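Please read the structure below before turning to the comments.
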Amino acid sequence: MSLNIEALSRAANEARGLAMDAVQASKSGHLGLPLGCAEIGAVLYGYALQHNPDEPRWIGRDYFILSAGHGSMMLYAWLNISGYDVPMEEIRRFRQLHSKTPGHPEFFETPGVECTTGPLGQGLGNAVGVAMAAKMAAARFDTPEHPIFDQHVICLAGDGCLQEGVSAEASAFAGHFGLDNLILIYDSNAVTLDAMAAATQSEDTGKRFQAYGFDVQTIDGNDMTAFLRALNKAKKRDNWKPQMIIAHTLIGKGIPEVAGTAKAHGEAGAKFVDQDRKGLGLPDEHYFVSPETRDYFAQHKKVLVRRFRRWEKNYKDWRAKHPDQAQLLDDAIAKQVPEDLLSKIPTFPADTKIATRKAGSEALQPLAREMPFLISGSADLHGSTLNYIEGGEDFTRDNSKGRNIRFGIREHAMCSIMNGVSYHGVFRASGATFLVFADYCRAPIRLAALAKLPNIYIFTHDSIGVGEDGPTHQPVETVSGLRVIPQLDVMRPADPEETAGAFAAAAQHTDGPTLIALTRQAVPMLNEIEVNLRREGVARGAYVAKRETAKLEIILMSCGSELQHALAAADELGAGTRVVSLPCFERFERQSAEYREEVLPDSCRRRVAIEAGVPDTWYRFVGLDGKVVGLHHFGLSAPGDQVMKEFGIDAQHVIEAARAL
Ligand SMILES: Cc1ncc(C[n+]2csc(CCOP(=O)(O)OP(=O)(O)O)c2C)c(N)n1
């Protein structure tokens, strides 16, 4: 261990300077963490982190995840100093339109940013997911001679992240599954946003994490030698225990007027920046990085690149010796999915009468065979969500090859961990729970949509059809609530064949997440619609399920278990009635204007939709002249068919609504 304390202290202060200048210029942002954690950043980026600024997505790198995303200027400063493609011009444009330095770190936007963070706690959940994925990748690909995925996941989190409940779920998961490649640095600075942390917390955080199964060390986080010693110790421990380093830091260090107080957290210190820069050894020149620091990091980069080349040589050797494995890995990273995936899912016998969750289970198995990197988890509901990959084994401490993840009753962390798996980039993450608990998952689902992660959510028990469990378990607003999240495909297939189509479409949708909502109750096979139309139509979001045989007068539309009612109503309403199956609004909106017009001709304004949920989102398709048969209230505890009948979710109400137009 030979830290160049002089060089790294200088660099730490210059990184502080960049944060000060950027926050001052943008008149917004957070100074506290970048100033308080500058020494931690210096040791990581100037010494300890295994990374290569020229190859930000190098699969053998250590991951640094800034869970406390408000401290984004810490990350940007070190990325700039380390030689990533984050030039000073971008630091100057901190928080400005289309810069690489948005307010909170965003995946895709900035090389070197591993995850989109900012909603506190999410980055920690992501880090657990990355650590799990790294273990899984090592189990699949590493050989004793070729440790391709020999890496650590380092997460920096503050009081806010650890106060958020998701940190408890995710950390308990990490402890239970022995993710000893995870190193959690807790920036313990005694301050949150409004006040001193003591105003809202009095737990013994170290004991808390020990109870989860972590090894815990406590250090002075502004002491670089102490931090490096702790980090090295944490890295060496292959003991099935995730590692925590409690780093006591001085928030806002370098601006004495606010340091150590809640005022240091945000931008309040910015007004003292000009007078305080001297104390840090900084010149008047803003956005200053000294030639000495540039030189140190240029030399360090050479070391990093040499290490990378050594890894690369070993990797190439592995590729030569294991070409099939190498091809598999390439395909996984490229998110290759067979084009003929749908044909691998057998069609269902015409007299099938099963729930779409069961159809989903049957669709999943061939998909899992075709997609060896698909993993499938459930929040303690595999027995109900039916998404267990047969023969895929459980992921356990002893079996990182297992493809079924038992997340426990931790829906929030499940989805946050799924995001981590997707950020890691080798595995396709799918996860399941009851649809009504999507509210517990909403924050990470929203981030998956924002970051365009190709997660697949298999959420079952999708309506009042759930029945006896009652309104606590019967989603009525949930599907609509999810439909309004941009970049999230919400698919609600109507029968087993549509379900097969939905699974294949979700697997093939690799630039964003898909949520498939499935029934608990059995649904009829909609045999009056041709099989291939059902299977392929869902991928277009909407299709004509039953075409009128006379002049078009009325369009009925629906999805999920209610499509059967629209079809039955059409038989009554006569030859001028068309039925449109509309399982995915978002996909339909992505079709060409011609196709949309073909399915829903503008000229026909007599339109009725039916869904066992709140009606609002359907008005964009039925328009002001149309009607929606839906629910404006919660459900009831009773057998599902009785609840449906009680609330008028049937063909008769569609007929009445249509006749009243
Ligand atoms: C889920 C969530 N809630 C609230 C916020 C707003 N927020 C940003 S930072 C912060 C305080 C965080 O305190 P701490 O983690 O101790 O950060 P530090 O003050 O040390 O920078 C809050 C409440 C957020 N970003 N995410």
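Just so you know, ligand 1 is whichever comes first in the structure, and atom 1 is the first atom listed for that ligand. Source: prediction; values computed, not measured. Index from 1, following the sequence.
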Fill in: Is_contact(atom 11 (C) of ligand 1), protein non-hydrogen, under 4.0 Å
yes
Discussion item. Please tell me whether Phe107 and Tyr423 form a close aromatic pair, meaning their ring centres lie under 6.0 Å apart.
Written reply: yes
Worksheet entry | Centroid-centroid under 6.0 Å between His265 and His30 rings | yes
Which residue and heavy atom of the protein sit nearest [atom], plus the separation:
atom	value
atom 20 (O) of ligand 1	Asn189 ND2, 2.6 Å
atom 13 (O) of ligand 1	Thr192 CA, 3.5 Å
atom 14 (P) of ligand 1	Gly160 N, 3.6 Å
atom 18 (P) of ligand 1	His265 ND1, 3.4 Å

Worksheet entry | Derivation of the side-chain contact (heavy atoms from CB on, under 4.5 Å) call for Val421 and Val130 | CA-CA 5 Å; Val421 170; Val130 176; over 6 Å; no
Worksheet entry | Atom indices of ligand 1, in the order listed, that fall short of 4.0 Å to a heavy atom of Gly158 | 15 (O)
Response to the item:
A student checking ligand 1 against Pro119 at a 4.0 Å heavy-atom cut-off should list atoms 26 (N)
Discussion item. Does the Lys NZ or Arg CZ of Arg61 fall within the cation-pi geometry relative to Tyr63 - under 6.0 Å from the ring centre and within 45° of the axis?
Written reply: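 So Arg61 does make the cation-pi contact.
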Practice prompt. Could you check Ile65, Leu179, Leu184 and say which one makes a side chain to side chain contact (heavy atoms under 4.5 Å, CB included) with Val128?
Written response: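 Looking at Ile65, Leu179, Leu184, the match for Val128 under the side chain to side chain contact (heavy atoms under 4.5 Å, CB included) is Leu179.
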Discussion item. Can you check which of Leu120, Val191, Leu193 brings a heavy atom nearest to atom 26 (N) of ligand 1?
Written reply: Leu120
Discussion item. Regarding atom 3 (N) of ligand 1: of the candidates His30, His70, Glu164, which has the closest heavy atom?
Written reply: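 Answer by nearest heavy atom: Glu164.
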Worksheet item: N/O to N/O below 3.5 Å, does that happen between Gly118 and ligand 1?
Response: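 Min N/O separation from ligand 1 is below 3.5 Å for Gly118.
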Worksheet entry | Value rounded to 0.5 Å, distance of CG in Leu228 from CD1 in Ile40 |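 The distance works out to 12.0 Å.
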Worksheet item: So, does Thr110 use its side chain to make a donor-acceptor pair with the main chain of Val113 at under 3.5 Å?
Response: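 Side chain of Thr110 to backbone of Val113: no pair is present.
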Fill in: Expected output: side-chain Arg277 to main-chain Pro283 donor-acceptor under 3.5 Å
yes
Discussion item. Less than 4.0 Å is my threshold; does some heavy atom of Gly71 fall inside it relative to ligand 1?
Written reply: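 So Gly71 does not count as touching ligand 1.
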Practice prompt. Check each heavy atom of Asp194 against ligand 1 and say whether those closer than 4.0 Å belong to the side chain, the backbone, both or neither.
Written response: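 Looking at Asp194 and ligand 1, no heavy atom falls under 4.0 Å.
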